[in-house]
Amino acid sequence: MKARVHITLKNGVLDPQGKAIQHALGSLGFDGVDDVRQGKYIELDLSTTDKAAAEANVEEMCKKLLANMVIENYSIEIE
Amino acid sequence: MKARVHITLKNGVLDPQGKAIQHALGSLGFDGVDDVRQGKYIELDLSTTDKAAAEANVEEMCKKLLANMVIENYSIEIE
Amino acid sequence: MTEIIWENNPEITEDLVKEHGLSEDEHQLMIKILGRTPTLTELGIFSVMWSEHCSYKSSKLHLKTLPTKAPWVIHGPGENAGVIDIGDNQAAIFKMESHNHPSYIEPYQGAATGVGGILRDVFTMGARPIANMNALRFGSPEHHKTRHLLSGVVEGIGGYGNCVGVPTVGGETNFHPSYDGNILVNAMAVGLADQDKIFLSAAAGVGNPVIYVGSKTGRDGIHGATMASAEFTEDSEEKRPTVQVGDPFTEKLLIEACIELMSTDMVVAIQDMGAAGLTSSSVEMASGGGVGFTINLDEVPQREEGMTPYEMMLSESQERMLVVLKPDRVEEAKKIFVKWDLDFAVIGEITDTGNLTLNWQGKTVADIPTQPLADNSPEYDRPWVKTVAPDTIDPASVAAPSDLGEALLKMVGSANMSSRAWIWEQYDHQVMADTIQLPGGDAAVVRVHDTDKALAISTDCTPRYVYADPFEGGKQAVAETWRNVTAVGATPMAITDCLNFGNPERPDIMGQFVGAIDGLREACTVLDYPVISGNVSLYNETNGTGIHPTPAIGGVGLLKDSSKMVTIAPKNDGDILVLVGETKGHIGCTQYLDIIEGREEGAPPPVDLEIEKRNGDFVRAQIQNGSVTACHDISDGGLFIALAEMAMASGKGMEIALNNGDVPLHAYGFGEDQARYIISLPADKLGEINSAADKAGVIIETIGVMQGNSLDIKDAMTISVEELLGAHDAWMPSYMSTES
Amino acid sequence: MKSAVVTFPASNCNRDMFDALEKITGQRPHEIWHQDTDVPNVDLIALPGGFSFGDYLRCGAMAARSPAIKAVAAHAERGGNVIGVCNGFQVLTEMGLLPGALMRNRSLKFVCKTVQLKVENENSTFTNAYNQGQVINIPVAHHDGNYFADDETLARIEDNGQVAFRYVNHSGEATKDANPNGSQNNIAGIMNEQGNILGMMPHPERLIEDAQGGTDGRGFFDSIINSLN
Ligand SMILES: Nc1ncnc2c1ncn2[C@@H]1O[C@H](COP(=O)(O)OP(=O)(O)O)[C@@H](O)[C@H]1O
Ligand SMILES: [Mg+2]
């Protein structure tokens, strides 16, 4: 199965990258961009076919490695 | 409106970050991870309310800045 | 008096005061200063200003006793960083600071923002930063968090320093279980300025505009300063205060913009927003200049909506500065910040009231006399008990190892003595193209751009010595930086210190602090090596267990002619190796005793400062007159380790015969007697050096010659340099590539 | 030789490049700010190392879209010489002036150390002062120097002799251990087909005086000067 994980910064945590992208878009003449936030997107190919197990497993991976729980949130989709 | 952009590496392009994550997951005892690919996830807040215009605009942003078309693909969702 | 608006203001209860870390006495003093009950914003301001971190309330009394003056000291403690004269109207500006607690919670960002903060302290004075250093202590390598913390801290330091383009040229790294729950991340920055272009923080000129520049203010690290002043418990990890995220890109722009601004004559005063952000910067600038500040908080650039005055004043968002400009120069200054894409806002002006007056949404939310806030901050004479120094261990009582060569290999490949290349290769240590002594030597050396001069920098402390005997350990920390700076041929000029200790409310910990300060004072005095800046970090404890007392010292020296610099690597076969200083085989508290015998015991080696000075001055003179081809001081691990390090650095072997008399060879070789160096020289210089040593009253002895491919020590070992390198280089990469 | 150095926000080797050019050519280079829309008439434009725009989003991405870059491209179009060192190399690939891309180092870690490079093509504008196959020391300092190109591109640049420098060991072999970042074919620096644009990750400007530990970087600049005569 495939797991898709989104890792984003928690609210209120400064996002220097997002800020810089927003600024760069402005200089390239793109108007009306009020905010930009950058996160990570991770795709995992899992050998299991048990959706619940996959979900629990990926949850563990996020907590242990993929996300930095001090400043980041994660969300998981399994398919 | 919100635009969500996923930027992923093209097939065949080496992904050092994905490889490293896969390896690290293995050493942490997570079995059955066949492949990992890492990409970027960018959220944009747009002031327009015209979905088609937003889509076209973000498409331009991807081509001009957000993605490197030599190695990356992008996909856009508007909401 | 201004009418203080109470709307939206909670009642200032005793609990609320307590939560802000203020004692009852401090609460009463605050009321006395204000002449009334504080507003919430005012309570927040008092609490951070009177926190241990900002007020030095437990340490002030003792810090005052440190020597801070010398003819070459331009500004000592009291400014953002210390300043020394390095000739030709140039000045070196430096300081070291801790970022311990944030780095334990989030190692990458904690360490990164530590680097950012110390850089601002240096460039706020008008200096271009030219070198970063760090002093790091982690828990035992076996502790389950150590790898994660080490990798995050190193990446964070590199991530920030590399991006801003200031070379990270050296540091020190120890592992010890006492840091398991409380690592130490101390960062030092060194900058260069012209002496007539040094900027201070004292504000002046009623009516002058107060300008905010840099990044916007968010809700980051609110209460960081009070956190840095509180002991850790298991659940402070859970509370996870909003972590400050560093933005090195903005910092780089800020450095360039500030340097550009300061090249004009527009600036009256300037101050970075460090711990306690807008609060400490505005209070220090106002009280320092004996003036008042009126600030309109609505003008503060804000990253988030709905921020309260309390939040704005206590936010520790990074990459911000406060500037007082001359009148009518606002537009001109603004152009510079617009060019560098930084926020720029006029947020207030200088008044003659002496008060910090904060307005927000048409109301006054705080009105505090700054002089009493700054000057009447609490000062404690905390009770302390002297540390009882352990007995000296008789070298003859420690059995010899079965194989001296194996012992040496084990030591060069141990956690605490192995190569740190894994760390420094993650730091850009050559950007600016002036690094002329790379990491791995005794001191880092960076050229003063476009001159023949260079600065030598070293950070040092041996916490196990300080723990055993704070006074001797304190002396030793200073002496070791002095020795390291000397060993490259530089003249030691001054130090910065970062004093990391446990809970000062415990008399035994306070005793460590007082003892160490006494040692620092004595060493600085005898070595003519004043303290010009520093930082105190207390409450480094977890669940009541304190760290080893760690007064990290950053020493800086000057090489007037950088072509005279030497490294630890002898270059030529046939060079003679000479041991400088007396070897008695002091075995207590040594690396040998710890690594080979598993004993952390005994008195540390005593430091005779007179001999230290005599030997160092002799060695430096020989380097400066060109007699010496390489030099290495002898510290951790003793003579054998120093020889091995020289052999590894040069890739060449040596043949050594020691005259150990009745000292057992293992104690002679691994003992950590102080004030010693190994120098290498061409054979034809030997006569000259011998007579110079005689004249100076310095004990020296020829111990061998550079030759072959092995470290060959008579009656002790023959080990190929390759094997030494294998063990030395392997530990850290292999440790870091295994998962915990 | 007349030269110019482009500075982007958070370039940090611009002064190093400037000083190296000044010392070696004896003439002060021009300074180009990223927002300048025209560039002086010079023999060489250098894109320096550093972290333009923080290296946020992708290294070199934002710099490659700045106003001065259009003028740099026009200069290259006219046959003018352009070099990009480290971040400058990343900018050149992002601009599409050089093929391929620079990905995160295989180790995922920043790497700063002195490496050995083999000179692959002694006839080029940028290497003629060295000998074919010569092994030189040059420092690297980067987080994203892992050169990637698709197979076809890779074959083409190899066949055309566009590879200028390769990471090797002391004996001149392009081994895995000698490769500090995982680059394909151990590629450290490449040129465009016309041979007037070069990008490389290592920093020749950091090794031009004995005090810096050697002078192996000088040959690079000397080559460009030679090629103008
Ligand atoms: N241990 C110390 N030894 C000498 N000076 C010290 C020490 N600790 C702090 N100082 C000095 O006290 C002043 C205030 O320090 P600090 O609050 O850390 O500065 P900042 O507010 O700039 O971060 C500085 O001038 C600093 O150099
Ligand atoms: Mg400061």
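A, B, ... follow the sequence lines: proteins, then strands. Residue 1 opens every chain. All of these numbers come straight from a predicted model, not from anything done at the bench.
Minimum interatomic distance between D:Ala10 and C:Lys252 (heavy atoms only, all atoms of both residues): CA-CG, 3.6 Å.
The residue among C:Asp450, C:Thr435, C:Asp247 with the most heavy atom pairs within less than 4.5 Å of chain D is C:Asp247. For the set D:Ala141, D:Gly54, D:Cys112, the count of heavy-atom pairs under 4.5 angstrom toward chain C peaks at D:Cys112. In terms of heavy-atom pairs under 4.5 angstrom with chain D, the leader among C:Pro248, C:Gly165, C:Cys163 is C:Cys163.
Counted within 6.0 Å of NZ on D:Lys23, heavy atoms from surrounding residues, nucleotides or ligands total more than 12; the atom is thus considered enclosed. Dense packing is recorded around NZ of C:Lys571, with more than 12 heavy atoms of other residues, nucleotides or ligands lying under 6.0 Å away. Within 6.0 Å of CG in C:Asn709 there are 12 or fewer heavy atoms belonging to other residues, nucleotides or ligands. With a 6.0 Å radius and a threshold of 12 heavy atoms from other residues, nucleotides or ligands, D:Glu22 has its CD atom above the threshold. With a 6.0 Å radius and a threshold of 12 heavy atoms from other residues, nucleotides or ligands, D:Asn41 has its CG atom at or below the threshold.
The backbone N or O of C:Ala433 lies less than 3.5 Å from a partner atom in the side chain of D:Gln212, making a donor-acceptor pair.
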Candidate pair D:Asp19 and C:His449, rule side-chain hydrogen bond (donor to acceptor under 3.5 Å, both in side chains), full reasoning: CA-CA 10 Å; D:Asp19 288 354; C:His449 197 63; 2.7 Å; yes

Worked check of side-chain contact (heavy atoms from CB on, under 4.5 Å) between C:Trp422 and D:Lys109: CA-CA 10 Å; C:Trp422 184 89; D:Lys109 295 195 185 321; 3.4 Å; yes

Check against salt bridge (Lys or Arg N to Asp or Glu O under 4.0 Å), C:Asp434 and D:Arg206: CA-CA 9 Å; C:Asp434 280 320; D:Arg206 290 188 185 182; over 6 Å; no

Test log, rule salt bridge (Lys or Arg N to Asp or Glu O under 4.0 Å), inputs C:Asp428 and D:Lys113: CA-CA 8 Å; C:Asp428 190 341; D:Lys113 62 179 180 187; over 6 Å; no

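Under the 30°/60° scheme for interplanar angles, the aromatic rings of D:Tyr56 and C:Phe249 are found to stand perpendicular.
Looking at heavy atoms from C-beta onward, C:Glu155 lies out of side-chain contact with D:His143 at the 4.5 angstrom threshold. In this structure, C:Val431 and D:Cys13 have side chains that are in contact, with non-hydrogen atoms separated by less than 4.5 Å.
Here C:Lys339 contributes atom NZ and D:Trp33 contributes atom CH2; the two are 5.0 Å apart, rounded to the nearest 0.5 Å. For the atom pair CG (C:Leu253) and CZ (D:Phe53), the distance works out to 8.5 Å, reported to the nearest 0.5 Å. Going from atom CD of C:Gln430 over to atom NE2 of D:His203 covers 9.0 Å, rounded to the nearest 0.5 Å. Distance CG/D:Asn12 to CG/C:Asn162: 8.5 Å, rounded to 0.5 Å.
Proximity to chain C (any heavy atom under 4.5 Å) is restricted, for D:Ser11, to the backbone atoms N, CA, C and O. Proximity to chain D (any heavy atom under 4.5 Å) is shown, for C:Val154, by neither the backbone nor the side chain.
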